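Note that the structure is predicted; figures quoted are calculated from it, not measured.
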Amino acid sequence: MISGLLGWFADPATWAGPSGIPARLGEHILYTVVVLVIAAAFAIPAGLFIGHTGRGKWIVTSTNAARAVPSLGLLFAVALWLGPRLPGEVAFLLPSLIALVVLAIPPLLSGAYSGVEAVDPAARDAARGMGMRGSQVLLKVELPCSLPLLFSGLRSATLQVVATATIASFISLGGLGVFLVQGLAGGDYPQMAGGAFLVALLALVADGALALAQRFIVPAGLRIDDRPRGRRRGRLTPSGSNTASAAGPEVTRPQATAPPAN
C-alpha cells in the first residue's frame, strides 16, 4: 500500500491538468474559505448580540442541537430538495455550499456567544462606569475579551468544513474528495489513500495557521494556555510537575512536631 501511495504521488499525471492535485486543492480551499466567510457573516454578529443582550439564547441551543444532524444526510437532503429547481452546474454547487454553511454556523455562533458570556461582569461595570454606551462596551470590552473562544469556534468550524467538503464530492462538488470518489469507484486504493492524506494534511495546516494567527491577534493576557503542563513557565520539580503556574502558589504545610516528653 505504501509503495502504491508513493507511486501515485510520483506519477506526473497526478499533478497535471484540471484533475491534478494543485487544481483540486485550490477548489477545496476556495470552497472552505467561501463557506466560512458566509457562515461567519451570519453567526458571529448573531452570537455577539445574543451574548451582549441575553436575548434569543434559544437560538444558540437550537443550533448546537443541529450538530447532531448527519453531515451526509443533510447534504443529500438539500441536494434532492434544491437541485431539481436549479439549472446546470449550480444545481450541484449551491446545495453543497448551503449544507456546508449550515454545518459551519453552530461552532461559530457558540464560540461568539460563549466568549461574550464569559466576560467578567466587573469589566462591564467598569466600562459602563467610565461612561461607555452599550455598543462601546461590546466593541471595546466584550469583543476583545471573547477572542480566545471566538477563535476556538472558528478552528472547529474550519475542521468541520474541510472534512465535510470531502464527502460533498459525491454530488460533484469537486475538491480533494474527488480522489476518494474516483478511487472508490475504480478500486484504486492508492488514490483513495492519497486523497485522504491530502485532506488530513490540509486540516492540520489550516488549524496550525489559525492557531498562529490567534497568537498574534489575541492579547497575551487573554490567551488560553493549551500547552502541556511540563512546557509551561515556572519552576519544574524533579518529577516534572510545574509548581509555579500549573499547581498555583506553593502551600507551606505545617511541620509535624514531636509530643512533649512526660
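Taken from SG in Cys145 to CZ in Arg124, the straight-line distance is 9.0 Å, to the nearest 0.5 Å. Note: Asp207 CG to Leu212 CG = 11.5 Å, rounded to the nearest 0.5 Å. Here the straight-line distance linking atom CG of Leu74 with atom CD1 of Ile98 works out to 10.0 Å at 0.5 Å rounding. Taking CG from Leu143 and CG from Leu138, the interatomic distance works out to 6.5 Å, rounded to the nearest 0.5 Å. Going from atom CG of Leu154 over to atom CZ of Phe151 covers 6.5 Å, rounded to the nearest 0.5 Å. Thr14 contributes atom OG1, which lies 4.0 Å from atom CG of Asp11 (distance to the nearest 0.5 angstrom).
Contact between Pro106 and Val102 at its shortest, heavy atoms only, is CD-O, 3.1 Å. When every heavy atom of Ala206 is checked against every heavy atom of Thr158, the shortest pair comes out as CB-CG2, 4.0 Å. The two atoms that bring Trp15 and Pro22 nearest to each other are O-CD, 3.5 Å, heavy atoms only. Between Ala157 and Ala104, the closest heavy-atom pair is CB-O, 3.7 Å. For Val141 against Ala127, the heavy-atom pair with the smallest separation is CG2-CB, 3.7 Å. Arg155 approaches Leu210 most closely through the heavy-atom pair CG-CB, 3.7 Å.
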Residues 23-51 side chain polar contacts: donor-acceptor under 3.5 Å, at least two apart:
from	atom 1	to	atom 2	distance (Å)
Arg24	NH1	Glu27	OE1	3.0
Glu27	OE1	Gly175	N	2.8
His28	ND1	Leu176	N	3.1
His28	NE2	Val162	O	3.0
Tyr31	OH	Leu173	O	2.9
Thr32	OG1	His28	O	2.8

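Between Leu184 and Leu180 there is no side-chain heavy-atom pair separated by less than 4.5 Å. A 4.5 Å side-chain heavy-atom check between Leu108 and Tyr113 finds every atom pair outside the cut-off. For the pair Leu75/Ser96, a side-chain contact is recorded, criterion being any heavy-atom separation below 4.5 Å from C-beta on. For the pair Val181/Val178, no side-chain contact is recorded, criterion being any heavy-atom separation below 4.5 Å from C-beta on. Contact of the Arg128 side chain with the Met132 side chain is not registered, since no non-hydrogen atoms from C-beta on lie closer than 4.5 Å.
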| task | Go through the steps to decide whether Met130 and Gln136 satisfy the test side-chain contact (heavy atoms from CB on, under 4.5 Å), and finish with yes or no. | result | CA-CA 11 Å; Met130 295 173 62; Gln136 292 176 318; over 6 Å; no
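Formation of a donor-acceptor pair under 3.5 Å by the Ser114 side chain with backbone atoms of Ser110 is found in this model.
In terms of hydrophobic clustering, with Ile, Leu, Val, Met, Phe, Trp and Tyr side chains grouped at heavy-atom distances under 4.5 Å, Leu150 and Leu109 are assigned to different clusters. Under the 4.5 Å side-chain heavy-atom criterion for grouping Ile, Leu, Val, Met, Phe, Trp and Tyr, Leu198 is connected to Leu202 within one hydrophobic cluster. Leu149 and Leu139 are not part of a single hydrophobic cluster, where members link through side-chain heavy atoms under 4.5 Å apart. When hydrophobic clusters are built by joining Ile, Leu, Val, Met, Phe, Trp and Tyr residues whose side-chain heavy atoms come closer than 4.5 Å, directly or via intermediates, Met192 is not grouped with Leu5. When the side chains of ILVMFWY residues are joined at heavy-atom separations under 4.5 Å, either directly or via intervening members, Leu94 and Trp81 end up in a single hydrophobic cluster.
At most 12 heavy atoms of other shown residues, nucleotides or ligands fall within 6.0 angstrom of atom CZ in Phe197. Annotation for Phe9: atom CZ counts as buried by contact number, over 12 foreign heavy atoms lying within 6.0 Å.
A donor and an acceptor atom, one from each side chain of Thr164 and Gln160, are located under 3.5 Å apart.
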